[in-house]
There are 2 protein chains.
Amino acid sequence: MASIYQTIFSDIEAKILAGEWQPGSRIPIEQDLVVQYGCSRMTVSKALSALVTRGMVVRRRKTGSFVALPQIDRTVMDIQDISTAAELAGHSHGHRILTRKIERLDAGDAKLLSEPVGAEILRLQCLHIVDGRPNALERRIIMLDLVPLAREEKFATMPPAKWLLEQVPWTKARHVIRAISADQATARLLETERGEACLNLVRQTWQNGRTVTYVEITHPGDRFQFAGCFQPAATWPTAGDR
Amino acid sequence: MASIYQTIFSDIEAKILAGEWQPGSRIPIEQDLVVQYGCSRMTVSKALSALVTRGMVVRRRKTGSFVALPQIDRTVMDIQDISTAAELAGHSHGHRILTRKIERLDAGDAKLLSEPVGAEILRLQCLHIVDGRPNALERRIIMLDLVPLAREEKFATMPPAKWLLEQVPWTKARHVIRAISADQATARLLETERGEACLNLVRQTWQNGRTVTYVEITHPGDRFQFAGCFQPAATWPTAGDR
DNA sequence: TAGTGGTCTAGACCACGGG
DNA sequence: CCGTGGTCTAGACCACTAT
């Protein structure tokens with residue numbers, strides 16, 4: 001049995017999706033919905049809030065609530081940790097730490113990370129192996145002041161991405177995805193040809209404005225892709241999600 | 001002035017981020033928070049719901065609410081329409097329709113789209129120009145039964161992606177991002193070299209289980225990247241969002 | 001000024017699930 | 001059983017904004 005606010009949510013969603021209520025058109029005011037559904041105004045409000053979260057409705061004081069105008073063509077992509085993604089897809093996954101050095105941030109990297117020169121870091125290089133073949137080369141910087149435990153961690157059993165998540169919650173992440181040609185060193189490690197198209201992901205992760213880690217992951221183009229399905233997230237569960 | 005539920009939200013969020021409340025540990029029960037903040041239980045509940053949406057808290061009947069365990073390393077990436085993205089970044093944007101044919105779906109494409117062979121489609125090829133240089137080659141299929149207006153549309157002023165959004169709301173999208181080497185035809189159109197690393201995005205969009213459009217966009221690797229910042233979305237607006 | 005959403009209250013009953 | 005969250009009510013006052 002669906003709750004009242006879920007019913008209201010679904011009804012309005014259905015009308016919008018069916019085109020019955022066109023973008024920009026007005027939705028009945030809350031008081032009318034209160035009467036129509038025989039519920040309190042707060043229950044109506046909860047349903048409308050969920051529709052706002054989903055980007056289907058906008059609410060304006062004095063003028064009422066409206067079907068949202070068509071969204072810009074933005075959608076959303078999950079980017080998962082390699083080992084988790086591999087596991088979910090039913091592939092074997094291993095990793096090998098190639099480099100592990102405690103250093104101080106030099107001028108170039110400091111600029112890249114927007115962190116002070118001289119800050120203590122752990123620099124890692126790690127090769128990910130999926131189904132027996134190199135699948136990703138990971139170059140990572142971990143800020144040691146925020147993650148002091150990394151100083152002693154050898155990442156023998158758990159890859160750095162996974163380990164970090166158990167240590168430090170993040171509040172913000174920035175991703176950049178590019179296509180690059182493999183240079184000689186990368187090609188050798190990934191067992192591919194120099195010049196091969198590679199998918200290159202850079203991720204910087206913050207906690208409250210402080211950088212936790214900066215990582216660049218390079219995948220051979222013929223062995224990796226990002227894939228993701230997206231449906232706008234509802235505040236509360238909708239019929240289709242159950 | 002922050003509302004009460006925003007205050008509660010921020011306070012709890014801060015304690016979790018500071019590590020004061022560790023993952024898995026119990027959060028005060030709602031009644032205690034009611035007393036602590038001198039507000040009604042519903043206000044507390046609203047704050048906790050927002051924390052659940054943000055993935056920082058889990059609530060269980062009988063046992064209480066807890067700090068969520070660390071998330072898997074998934075994060076989220078906005079993928080915008082090229083013209084919109086270019087505008088936002090302050091670049092000029094133009095497009096040129098190279099191909100525009102009404103066809104019926106052949107076996108290969110039908111399998112790709114999981115749509116029936118013979119369905120009527122509009123096949124487009126469109127070159128996007130940003131700051132005077134080719135920036136993307138778009139190959140698109142539009143299902144004409146769902147978007148009949150496309151039959152007459154010439155896409156002279158508005159690129160297909162933007163036009164489609166004004167015609168058809170979507171309920172689900174799937175993305176695949178790969179790195180590929182430019183073949184000769186693509187390289188010529190994008191004014192780059194054959195073999196150049198290119199970023200390749202495939203997007204299929206549905207409305208209630210029916211395909212609306214399928215599009216493959218190829219960007220030269222040296223002229224394009226996806227970039228996105230992410231913070232988990234809150235159910236209700238938080239102080240930082242205003 | 002008046003219409004509308006934004007927030008809040010002080011209760012209530014129900015649903016779930018551990019003991 | 002009974003503690004806890006899930007949902008709901010019937011109001012209330014305030015904030016914003018179009019007119």
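Since we're looking at a predicted model, the values are computed, not measured.
Note on ring orientation: taking the six-membered ring where Trp is involved, the planes of A/Phe155 and A/Trp163 are perpendicular (angle over 60°, cut-offs 30° and 60°).
As a whole-Å value, the separation of A/Lys46 NZ from C/dG5 C1' is 18 Å. Residue A/Gln31 contributes atom CD, which lies 13 Å from atom C1' of D/dT9 at whole-angstrom precision. Rounded to an integer number of Å, the gap from CZ of A/Phe9 to P of D/dG6 is 18 Å. Distance CD (B/Glu30) to P (D/dC8): 15 Å, rounded to an integer number of Å. Protein atom OH of B/Tyr37 is 13 Å distant from nucleotide atom P of C/dC8, rounded to whole Å. In this structure, CZ of A/Arg59 is placed 14 Å from C1' of D/dA15, rounded to the nearest angstrom. Going from atom CZ of A/Arg60 over to atom C1' of D/dA18 covers 11 Å, rounded to whole Å. Rounded to whole angstrom, the span from the CD1 atom of B/Ile8 across to the P atom of C/dT9 amounts to 8 Å.
Among the heavy atoms of the strands lying under 4.0 Å from B/Ile4 are primed sugar atoms or P, OP1, OP2 only; no base atom is included.
Remark: B/Arg133 CZ is loosely packed, at most 12 non-hydrogen atoms of other residues, nucleotides or ligands lying under 6.0 Å away. For B/Lys15, the NZ atom is densely surrounded, since the number of other residues' heavy atoms within 6.0 Å is greater than 12.
Taking only side-chain nitrogens and oxygens, B/Tyr5 comes nearer than 4.0 Å to OP1 or OP2 of C/dT7.
In the set D/dC8, C/dA10, C/dT7, the nucleotide with an atom closest to the side chain of B/Ser40 is C/dA10.
With hydrogens and angles ignored, the 3.5 Å screen pairs a side-chain donor or acceptor of B/Thr213 with a backbone N or O of B/Ile141. Side-chain atoms of A/Arg210 do not come within 3.5 Å of backbone N or O of A/Glu115 as any donor-acceptor pair. With hydrogens and angles disregarded, no donor-acceptor distance shorter than 3.5 Å links the side chain of B/Arg139 to the backbone of B/Thr218.
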*Indicate for each nucleotide in nucleotides 11-19 of chain C, in 5' to 3' sequence, whether protein heavy atoms under 4.0 Å reach the base (B), only the sugar-phosphate (S), or nothing (-).*
-B--BBBS-
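Residues A/His95 and A/Glu138 are not in side-chain contact: their nearest non-hydrogen atoms beyond the backbone lie 4.5 Å or more apart.
Of the two residues near DNA chain D, A/Thr43 and B/Ile29, the one whose nearest nucleotide lies more 5' is B/Ile29.
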